[in-house]
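Notes for the one structure printed next.
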Amino acid sequence: MALHEPRFLGNEKRYLADCIDTGWVSYAGAYVERFEQALAGACDVDHAIAVTSGTVALQVALNGAGIAPGDEVLVPALTFVASANAIVHAGGIPHFVDAEEATLGVDPIALTTHLEQIGEQRDGLIHNRLTGRRIAALLPVHVFGHPADMDALNAVAQRFGLQVIEDATEALGSRYKGRSCGSLAPLSTLSFNGNKIVTTGGGGAVLTDDEKLAAHLRHITTTAKMPHPWAFVHDEVAWNYRLPNINAALGLAQIERLNEMVAAKRRLWQRYAESFAGLAGARLFSETSLTQSNHWLISLILDRGREHLLEPVLRATNDLGLMTRPAWRPMHLLPMYANHPRAALPTTESLARRIVNLPSSPFLAPA
Ligand SMILES: Cc1ncc(COP(=O)(O)O)c(C=O)c1O
């Protein structure tokens, strides 16, 4: 039983056949626009720009936020490596901060303490006293689809003059205080790789309410080609990151069933909760009173003091054919990020030794 598998139960074949029959399989075609509109609607934002992966969506969003070479970007150490990689691809330097037990996202209180300790204002901008570099942005992540405490994090960002880029790659369909993940910062990102709640095969999107910025990001993700009936004129160095029509066709069929998927995943969480009721030594991670999670990955969290059970639980379940997985190895423990700036990371290190992600495919909990 896989950790998270897609199912194609809607219009997927019909839309894909339409792309093939009409020849519209590449960077132009109606499905990209339709998919973008569906995404914007699902996330309550004005604009969605579909691109080829969640990683490049983050890179484009960081570029849109004006990250300059050498700027530090605050990012949780408890995340998938792509969050940190995208910062590097955008010319920035990941600066790792701690998670909180309640949301698994960035801890706003620990972040504030850290910035008070290492930050200094220069020309109205916050700099890292230890490295001398500007700290330009905060990139919070909704870990396993569970919303981070965005109001608190946006308030910290405002106090210290940081841009916020929301890594909502895992959180399509999740809500924070009733608002959609993907709409909780001026720039947000999604991923549609094969293990996500909606897949395009591979793909991602940048979301924003800012019309001018959206137009610019669309331009630089499509080689900055100036509109003209036949001439090839490009006005800046740009990328070819646009999501192909054939991927968007798959995504459109998938997103048409988003509500069903989220309902199924929430049902699955309920069934796990019933099965694990009374379990000693671990808890099923549950949403807070502020959040409604899409439960992209459903996590069992061992109690502190039970870290020694992580490997045996992973081994026993995998031996049974149940694909369980630990959390990612925290970023500061990966060789390429070992010497990057960071806060104290006690909760991240503890959580990474206690998380077991359970099979979470929506079809495991039919209505
Ligand atoms: C937190 C996080 N950020 C970024 C990404 C990157 O997305 P992609 O795999 O589409 O490049 C992913 C997904 O894989 C992710 O889980």
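Whatever order the structure lists them in is the order used to number ligands and atoms, beginning at 1. Quick note: numbers below take in every heavy atom, side chains included, and nothing from hydrogens, waters or symmetry partners. Count residues from 1 along the sequence.
Heavy-atom contacts of S83 reach the following atoms of ligand 1: 1 (C), 3 (N) (cutoff under 4.0 Å). Each of the atoms 10 (O) of ligand 1 lies under 4.0 Å from some heavy atom of G203. Shown in contact with S53 at under 4.0 Å from a heavy atom are these atoms of ligand 1, numbered in order with element: 10 (O), 11 (O). Taking every non-hydrogen atom of V141 and a distance limit under 4.0 Å, the qualifying atoms of ligand 1 come out as 1 (C).
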Could you walk me through whether K196 and L172 pass the side-chain contact (heavy atoms from CB on, under 4.5 Å) test, one step at a time? CA-CA 9 Å; K196 294 298 187 290; L172 178 59; over 6 Å; no
Are H234 and H219 close enough, and set up right, to give a ring pair (Phe, Tyr, Trp, His ring centres under 6.0 Å), and what steps lead you there? CA-CA 10 Å; H234 306 257; H219 189 58; 8.7 Å; no
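Of the protein's heavy atoms, A82 CB, 3.7 Å lies nearest to atom 5 (C) of ligand 1. Counting only heavy atoms of the protein, atom 12 (C) of ligand 1 lies nearest to F80 CD2, 3.5 Å. If you check which protein heavy atom lies closest to atom 2 (C) of ligand 1, you get T169 OG1, 2.9 Å. At the top of the distance list for atom 16 (O) of ligand 1, counting protein heavy atoms only, stands E170 OE2, 2.4 Å. At the shortest separation from atom 3 (N) of ligand 1 among protein heavy atoms lies D167 OD2, 2.9 Å. The single protein non-hydrogen atom nearest to atom 9 (O) of ligand 1 is N193 ND2, 2.9 Å, given as residue, atom name and distance. In this structure, atom 11 (O) of ligand 1 lies nearest to the protein heavy atom T55 OG1, 2.5 Å.
Within a 6.0 Å sphere centred on CD of E236, other residues, nucleotides and ligands contribute more than 12 heavy atoms. Residue E5 places its CD atom among more than 12 non-hydrogen atoms of other residues, nucleotides or ligands, all under 6.0 Å distant.
Side chain to side chain, Q121 and H127 fail the donor-acceptor criterion of an N or O pair below 3.5 Å.
The closest approach between a heavy atom of G204 and any atom of ligand 1 is not below 4.0 Å. Distances from ligand 1 to the non-hydrogen atoms of A57 include no value under 4.0 Å.
A salt bridge is absent between R271 and E274: the closest approach of a Lys/Arg side-chain nitrogen to an acidic carboxylate oxygen does not fall below 4.0 angstrom. Under 4.0 Å is where a charged nitrogen must lie from a carboxylate oxygen, and between K177 and D151 at least one such pair does.
At least one N or O atom of K196 sits closer than 3.5 Å to an N or O atom of ligand 1. At least one N or O atom of S191, backbone or side chain, sits closer than 3.5 Å to an N or O atom of ligand 1. In terms of polar-atom proximity, defined here as any N/O pair under 3.5 Å, T79 makes no such contact with ligand 1. Polar contact with ligand 1: present for G54 (N/O pair, distance under 3.5 Å).
Applying the side-chain contact (heavy atoms from CB on, under 4.5 Å) test to L279 and every residue at least two apart in sequence or in another chain returns F276, A282, L300.
The two residues W269 and F285 have their closest heavy-atom pair at NE1-O, 2.9 Å.
With a 4.0 Å heavy-atom cut-off, ligand 1 is reached by the side chain of L58 but not by its N, CA, C or O.
No single ILVMFWY cluster, assembled from side-chain heavy atoms under 4.5 Å apart, contains both V141 and L333. Cluster membership check: L284 shares its hydrophobic cluster with L322, using side-chain heavy-atom separations under 4.5 Å among Ile, Leu, Val, Met, Phe, Trp and Tyr.
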